[in-house]
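Working notes, beginning with the structure itself.
Chain letters run A, B, ... following the sequence lines, proteins first, then strands; residues in each count from 1.
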Number of protein chains: 2
Amino acid sequence: MPLTDKQQLMMDFIETYTIDRGFPPTIRDIQEGCKISSTSVVDYNLRILERGGLLKRSREISRGIELTRRKRSDSIQVPVLGPISAGNPLMVAPIDIRTLDSDDHVAVPEEIINQHREIVAFNVKGQSMINAHIDDGDVVILSLTREIADGDIVAAWLKTDDEITLKRYFKEGDQIRLQPENDEMEPIIVNAADVEIHGKVVYLMRGY
Amino acid sequence: MPLTDKQQLMMDFIETYTIDRGFPPTIRDIQEGCKISSTSVVDYNLRILERGGLLKRSREISRGIELTRRKRSDSIQVPVLGPISAGNPLMVAPIDIRTLDSDDHVAVPEEIINQHREIVAFNVKGQSMINAHIDDGDVVILSLTREIADGDIVAAWLKTDDEITLKRYFKEGDQIRLQPENDEMEPIIVNAADVEIHGKVVYLMRGY
DNA sequence: AGCAAACTAGATCAAACGTTCTATTCTTGT
DNA sequence: ACAAGAATAGAACGTTTGATCTAGTTTGCT
């Protein structure tokens, strides 16, 4: 269905109005916002848009306009615990990654979350994983699982240190090699007892 | 602020109602939905909730209720049009990126989408943007806008060719330089008339 | 030009809806 | 038990708002 300029304008207005205010506009809001001369013209065009499947109207209900966007699903707000690999406040007890404070959240589609038991997000600081194309400022989603395989990218806490870092994980006998993906950095090899692996990277998000 | 049972019920009702119908409930909707005896009781509690910062009300406006921090938000299924930079079927007419077929979708949080008018997703094929840390298999979200700035990563269609590729965009007089982010690849310099820029990368998602 | 369909204008009506007022009942502390 | 504040009830009022009707204007087609 081809949209007239007016109809396109109305669609845009309805969308921005709804996002802006949290509720859809009335017919008269649309009239004013799109400089349309009469409510009946708005109604007329809304009917066309509804017939075209671009929106759904609830009759006799104020602001009963819903844009039928593409199929919707839920996003979950995941706490962002970063920055990872920058120094966190000194901690003496074993770090429980779930109890770290966070004041920020990032929306993650439910589809991605559902595959994992428990997840958190980390803000990546620094370029220690740059060869794995994980850049400064990226947000990584960690699955808080104990099932770690060689080569996984993990959030590791060195007990001798006071920070959590992102490294590639390799088990080598009694020892664990934490391999940065950066030519200028050396692998860290520690006894398994001296490190806690809190989870592995399952998703990455980057805004531009 | 501690919530009474009734207030919690109201919050839940408002949230599910809004997600369900696409617009917030009226005071009388809440009254019915929460089995409250009077509109004034609803109003009374709404004022408390508003004072507590849990929602915002627009006075004298029907359904003027907006929850301030929704713990869930929507994701939109965005069609994945990829793979980008692999050969698409030969096309003779100017490519309208919106009409390309896609049988796959990816969920993108509404927060990200809302900042852009129209978006599509592309499956990245190949490593031409590897220095920008965009890897084979990543999914990039494109904003279909004409507002392209130098240095933006864009989806470009060379009219002499039959494929869409991801490149960094630089305008150089009458010509456009399409710069791969890969040391082994040469920039493509073409007349502005021989290329169509369909949108720029605004988000990147990568699963592991 | 002539006609039909698409579109626009403005007014009006009834229902939906937020607001407010007064009165009553329920809690809580002393 | 008593007072004071918190919460509830019910009604009434006025504005907002969707629906509708009639009439006029524009557009597209032959």
State whether A/Asn45 places a side-chain N or O below 4.0 Å from either non-bridging phosphate oxygen (OP1 or OP2) of C/dA6.
no
Can you list the residues that meet the salt bridge (Lys or Arg N to Asp or Glu O under 4.0 Å) rule with A/Asp135, with sequence neighbours excluded?
none
Rounded to whole angstrom units, what separation is found between the OH atom of A/Tyr44 and the P atom of D/dT25?
17 Å
Please list, chain by chain and in numerical order, all residues satisfying side chain to side chain donor-acceptor pair (under 3.5 Å) with A/Gln31, sequence neighbours excluded.
none
Nearest whole angstrom, please: distance from the P of C/dA5 to the CD1 of A/Ile48.
15 Å
Here the distance between atom P of D/dA11 and atom CD of B/Gln31, to the nearest Å, is 12 Å
Atom CD of B/Glu32 and atom P of C/dC17 are separated, to the nearest Å, by 11 Å
With a 4.5 Å cut-off on side-chain heavy atoms, are B/Ile14 and B/Leu67 touching?
yes
Which pair of non-hydrogen atoms, one from B/Phe13 and one from B/Cys34, has the smallest distance, and what is that distance?
CB-SG, 3.6 Å
Length of the line joining A/Asp5:CG and C/dC7:P, which is rounded to integer Å:
12 Å
Does a nitrogen or oxygen in the side chain of B/Lys6 sit under 4.0 Å from OP1 or OP2 of D/dT8?
yes
Verify side-chain hydrogen bond (donor to acceptor under 3.5 Å, both in side chains) between B/Arg21 and A/Ser58, making sure each step is shown before the conclusion.
CA-CA 9 Å; B/Arg21 319 267 292 246; A/Ser58 302; 5.3 Å; no
Interatomic distance, A/Arg51 CZ vs C/dC7 C1' [rounded to whole Å]
13 Å
Heavy-atom side-chain contact between A/Leu142 and A/Val201 under 4.5 Å:
yes
Using a cut-off of 4.0 Å between protein heavy atoms and nucleotide atoms, how would you tag nucleotides 17-23 of chain D 5' to 3' with B, S and -?
BBBBB--
What is the distance, rounded to the nearest whole Å, between atom NZ of B/Lys35 and atom P of D/dT8?
17 Å
Rounded distance in Å - OH (B/Tyr17) to C1' (C/dC17)
12 Å
